[in-house]
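Below is one structure; the comments refer to it alone.
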4 protein chains.
Amino acid sequence: MAGGQVKRAERGPGRPREERVTGAVLSAVLDLVTEQGMEAVTMDAVAARAGVSKPAIYRRWPGKHDLMIAAAETRIGVLTVPDLGDFRAELRAVLDARVEVYRMPGTARLLAGLIAAAEEGGEVRGAYQSYAARIMSETRKILERGKARGDVRADVDVRAAATLVAAPMIFRLVIEQQLPDEGFAADLADMIARAVGAPA
Amino acid sequence: MAGGQVKRAERGPGRPREERVTGAVLSAVLDLVTEQGMEAVTMDAVAARAGVSKPAIYRRWPGKHDLMIAAAETRIGVLTVPDLGDFRAELRAVLDARVEVYRMPGTARLLAGLIAAAEEGGEVRGAYQSYAARIMSETRKILERGKARGDVRADVDVRAAATLVAAPMIFRLVIEQQLPDEGFAADLADMIARAVGAPA
Amino acid sequence: MAGGQVKRAERGPGRPREERVTGAVLSAVLDLVTEQGMEAVTMDAVAARAGVSKPAIYRRWPGKHDLMIAAAETRIGVLTVPDLGDFRAELRAVLDARVEVYRMPGTARLLAGLIAAAEEGGEVRGAYQSYAARIMSETRKILERGKARGDVRADVDVRAAATLVAAPMIFRLVIEQQLPDEGFAADLADMIARAVGAPA
Amino acid sequence: MAGGQVKRAERGPGRPREERVTGAVLSAVLDLVTEQGMEAVTMDAVAARAGVSKPAIYRRWPGKHDLMIAAAETRIGVLTVPDLGDFRAELRAVLDARVEVYRMPGTARLLAGLIAAAEEGGEVRGAYQSYAARIMSETRKILERGKARGDVRADVDVRAAATLVAAPMIFRLVIEQQLPDEGFAADLADMIARAVGAPA
DNA sequence: TAATAACCGAGACGGTACGTCAAGTCTTCGG
DNA sequence: CCGAAGACTTGACGTACCGTCTCGGTTATTA
C-alpha cells in the first residue's frame with residue numbers, strides 16, 4: 001500500500017496532456033529534417049505533419065530552438081559503453097557507435113540546425129550546452145577509466161582529449177559534409193590511441 | 001611594339017560596379033555579427049549599415065547565405081605557414097593562428113551562421129565546400145611536408161589526420177561554446193604530435 | 001419548437017476575423033487618398049494608418065487593386081431613388097446625389113485609381129465590372145419606370161440612355177478634372193430630359 | 001540663297017538627336033500597351049522594345065507620365081470635321097470617328113493608364129488637361145457652328161453639351177469596359193440631337 | 001453532479017524579414 | 001553632346017515564418 005498515491009499528486013486539475021502529441025511532434029521534426037532539410041522545419045509544417053495545433057507545441061516547448069534540441073536528443077542521445085577492460089577497445093566502441101548515428105539520413109542537417117539554434121542567447125543556450133556536455137560525458141568516462149587503469153597517459157588533460165575524440169567525426173559530417181565511415185573510425189582510433197594511450 | 005596592350009580593359013559596356021559597395025557590404029556583415037549576433041544580420045540592416053541599397057547587394061550575391069559565406073572568407077581566410085623544417089613547429093603555428101582568429105569577437109557566431117547556411121542545396125553548398133576545403137589545405141600541406149621530411153609517420157592518412165587537426169578547435173568554439181586558448185593549442189599539439197609524428 | 005436554431009453560428013473553426021481590422025483598413029485607404037492622393041496609398045502606409053499588419057490586409061483582399069475597389073464601394077455606393085411619380089424629378093435626384101459624392105475631396109483621385117486598377121486581368125476585372133454595373137443600376141431603374149409610366153420615349157435604348165446619364169458627371173471630374181456643380185447637373189437634366197423624355 | 005542658314009543656328013554643339021529614337025519609343029509604348037496592358041509598360045521594357053537606352057528616353061520626356069501622354073496623342077489625336085451644313089451630320093461624323101479609334105486594340109488600356117497618370121500633381125497635370133481640351137475642341141466647334149447656323153438650340157451651354165457628346169463613348173469603353181459600336185453611335189446621335197438640336 | 005481548469009484543433013493576429021521590381025539618376029565607353 | 005549599357009538609390013510590393021491569442025469544444029479533477 002505504501003507509495004500508492006505518489007503519482008496522483010503530480011497532476012493538477014484540468015485535462016492532462018496527451019502523450020501522443022509530444023511523440024508525434026518530435027517525429028514530425030525528424031521526418032521533415034530528414035526528407036526536406038532544415039528549411040522545411042517550420043512550426044506550421046511540424047504542426048501539420050504531426051496532426052497537431054501550434055499552441056499544443058508551444059505548451060510543451062517555449063520556442064523553435066528548444067524543440068530542435070529536444071528532437072536532436074531523441075536521435076543523438078546519451079551513449080553508454082561498458083567497461084571492456086581496455087581503453088583502445090572502448091574508444092573504438094564509442095567511435096563506431098557515433099558512425100552509426102551520424103550516417104543516418106538527416107543527422108547532418110539536424111546537427112547544423114542545432115548549431116545555428118544554439119547561437120541564441122537566453123535559456124536555449126543553457127539547454128544546448130548541457131546537451132553537448134551529455135554527448136561528451138561517456139567519452140570522458142572512458143578516458144578516466146583508462147587513466148585509472150593505466151592504459152591512458154597520466155599527463156593528458158581529459159577535457160582536451162575528450163574534445164579530440166568527439167570533434168573529428170562531427171567535423172567531417174558538418175564541415176566537410178561527408179558521411180564518416182568505419183575506415184575513418186579506425187584511422188581515428190589508431191591516431192587517438194597513440195595520442196593519449198600509455199606507451200607500451 | 002607587339003603586346004603593348006595585353007592587359008586591355010576586361011570590362012564590358014556599361015557602368016562598372018563600384019568596389020566601394022562590395023567592401024562596405026562585407027564589412028557591414030562582419031560588424032553586425034560581431035556586435036549584435038547573427039540575428040541582427042538582416043539584409044536591410046546590412047544595406048543600411050553599408051550605406052548601400054538592397055538591389056546592389058543582390059546583384060553581387062544571389063542570397064543571404066552566399067553573402068554569409070563571402071563574409072566568412074574575409075574573416076577566416078586561407079592560412080599560410082612557411083616551411084619551418086619541423087612538423088611539430090608548423091603544427092603549433094597552425095593551431096596558434098587559428099586560436100587567434102577564433103578568439104576574435106563574432107567568429108563563433110559567424111561560424112554557426114555559416115554552418116546553417118551550408119545546409120542549403122544548390123550553389124551555396126558548392127561554394128561552402130570549396131571554402132571548407134581551402135580552410136584545410138594548409139594543414140594538409142604541413143602533413144605532407146612532414147611525411148616527405150620523415151617526421152610524420154608514413155602510415156597516417158593525410159585526410160583523416162587533417163580532420164584531426166582542424167576539428168577540435170572549431171568544436172570547442174561552436175559545440176562546447178568556449179573560447180579556445182593557448183593552453184588548449186598546446187595540449188592539442190602534444191597529442192597530435194604523438195598521434196601522427198614519427199617515433200623518435 | 002422547430003426552427004429554434006435557424007440562425008446558428010455560420011462560423012467555421014478557428015479564430016474569427018476581427019471586424020475592427022476590416023473597417024480600419026478601408027477607412028485608412030479613404031483617408032490617405034483624400035489627404036495625400038493615390039500615390040500615398042501604399043500597402044505599408046495603409047497598414048500603419050489602420051494600426052494593422054500587412055498580412056491581415058492580404059488575408060482579406062488578394063491585392064492592392066481589390067482593396068481599392070472595396071474602398072471605392074464604401075464611398076461611392078449604391079444609390080436609391082424612390083418613385084417620385086415623374087421621370088424628370090427622379091433624373092434630377094440622381095444627378096444631384098452624384099454631384100454631392102463627386103465633390104467630396106478625394107473622390108476624383110479614388111476614381112482615377114479605380115480605373116487604373118480595373119485594367120488588370122483576372123478577378124479584379126470581374127469585381128470592378130460588377131461594381132460598375134451596380135453604380136448604374138439605379139439609373140436604369142428610373143428609365144424603366146419612366147418608360148412604363150409613359151414619360152420616357154418608348155424607342156430609347158435603356159442601356160445607351162443610362163450611359164448618357166452616368167457618363168458626363170464622371171467625365172467632367174476625371175477627364176476635364178473639374179468639380180461638377182449644381183448648375184452642371186441642371187444643364188444635364190434639361191438636355192437629357194429632351195433626349196429621352198416623351199414629347200409633351 | 002536667302003534662308004539658307006535658318007536651320008543651322010537652331011542646333012547647338014555636339015551630336016544631334018536621332019529622330020529614329022523618338023518614333024521608336026512612342027511605337028514601343030503603344031505596342032506594349034496593346035499587347036500586354038499597362039502593367040507591361042515599364043521604362044526598361046519600352047527601352048528594350050525600342051532598342052534604345054533609358055537616358056535617351058529621359059532626354060526627351062521628363063517622366064513616364066509625360067511619355068504616356070505623348071504616346072496617347074499619336075493614337076487619339078485631334079479630330080477634324082469639315083462643315084457639312086448640318087449639325088446632325090457633323091455630330092454623327094464625330095461619333096463615328098471616335099468609335100473607330102476606340103475600337104482599336106489597346107485604346108482602352110491606354111486611356112486608363114492616361115487617367116491614372118493624370119492624377120499626379122505638377123506639370124503632368126497641365127499637359128494632360130491641355131490634351132483633354134484638344135480632344136474636345138472639335139466637338140465644341142461643331143456645336144458653335146450649329147448654333148450660328150440655327151440648328152442647335154440657342155439656350156444650350158456649349159461646354160456642358162460638349163461633355164454630353166464626348167463622355168458616353170469613353171465611359172462605355174473605360175467604365176463599362178465594352179467596345180462601343182456603330183449602333184451605340186447612332187443611339188447617341190439620336191438622343192443628343194434631341195437634347196441640343198433646334199426643334200423642327 | 002456540477003464547476004473548474006487545462007487541454008485540444010483551427011486559424012487570425014502583429015511583427016519582421018525576405019527577395020523582387022520599377023522609376024529615375026549617374027557613370028562608363030565609344031561615335 | 002549623343003548614343004547604348006548597366007550600376008546606383010529609393011521605396012513599394014507580396015510572401016513567409018514566428019510566437020501569441022481567440023474561438024468553440026473536450027476531458028479530467030475537484031467541490
Side-chain angles (χ1 to χ4, degrees), chain A residues 8-9 11-18 20-21 39 41-48 50-65, chain B residues 9 11-18 20-21 39-47 51-64, chain C residues 9 11-18 20-21 39-47 51-64, chain D residues 11-18 20-21 39 41-48 50-59 61-65 67:
Chain A
R8 183 152 0 114
R11 199 160 67 223
R15 177 175 172 179
R17 287 187 184 159
E18 290 183 20
R20 192 191 65 78
V21 171
E39 303 260 309
V41 184
T42 296
M43 293 308 265
D44 290 83
V46 170
V52 148
S53 68
K54 275 203 290 176
I57 300 178
Y58 282 101
R59 248 173 249 125
R60 286 165 175 77
W61 300 276
K64 191 185 182 186
H65 300 312
Chain B
R11 188 156 19 87
R15 179 174 172 178
R17 287 190 184 158
E18 289 182 20
R20 190 192 66 78
V21 172
E39 299 229 297
V41 184
T42 293
M43 294 309 265
D44 290 85
V46 170
V52 148
S53 68
K54 272 203 291 177
I57 301 178
Y58 282 102
R59 256 190 294 277
R60 286 166 174 76
W61 300 276
K64 194 184 182 184
Chain C
R11 187 153 22 87
R15 178 174 171 178
R17 288 192 180 156
E18 290 183 19
R20 189 191 67 77
V21 172
E39 299 228 298
V41 184
T42 293
M43 295 308 265
D44 290 85
V46 170
V52 149
S53 67
K54 269 203 292 176
I57 301 178
Y58 282 102
R59 261 189 289 277
R60 285 167 174 76
W61 300 277
K64 194 183 182 186
Chain D
R11 203 162 64 219
R15 177 174 171 178
R17 285 186 186 162
E18 291 183 17
R20 192 192 65 78
V21 172
E39 304 259 310
V41 183
T42 295
M43 293 308 266
D44 289 86
V46 170
V52 146
S53 69
K54 275 204 289 175
I57 301 177
Y58 281 102
R59 245 173 253 126
W61 300 275
K64 191 187 183 185
H65 300 312
L67 172 58

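In what follows, chains are A, B, ... by sequence order, proteins preceding strands, each numbered from 1.
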Give the minimum heavy-atom separation between D/S53 and D/A47, together with the two atoms involved.
C-CB, 4.2 Å
All heavy atoms of C/A45 vs all of C/A40, minimum pair found to be CB-O, 3.6 Å
Interatomic distance where NZ belongs to C/K64 and P belongs to F/dT15 [whole Å]
14 Å
Spell out protein contact along nucleotides 4-9 of chain E as letters: B when the base is contacted, S when just the sugar-phosphate is, - when no protein heavy atom is under 4.0 Å; keep the 5' to 3' order.
-BBBBB
Would you kindly give the OH-to-P distance between C/Y58 and E/dC13, to the nearest whole Å?
15 Å
To the nearest angstrom, how far is B/I57 atom CD1 from F/dT10 atom P?
12 Å
Nucleotide E/dA17, atom P - distance to CD of B/E39 in whole Å:
9 Å
Quick one, C/V21 with C/R59, criterion side-chain contact (heavy atoms from CB on, under 4.5 Å). Give me CA distance, side-chain angles, the key distance, then yes/no.
CA-CA 11 Å; C/V21 172; C/R59 261 189 289 277; over 6 Å; no
Could I get the full list of salt bridge (Lys or Arg N to Asp or Glu O under 4.0 Å) partners for A/E18, not counting sequence neighbours?
A/R15, A/R20
Mapping C/A45 and A/T42 to their closest nucleotides on DNA chain F, which lands nearer the 5' end?
C/A45
B/D44 has an atom CG; how far is it from atom C1' of F/dC13, in whole Å?
13 Å
Output the distance between atom CD1 (C/I57) and atom NZ (C/K64), rounded to the nearest 0.5 Å.
11.0 Å
Quick one: C/W61 CH2 to F/dG14 P, roughly how many Å, whole number?
14 Å
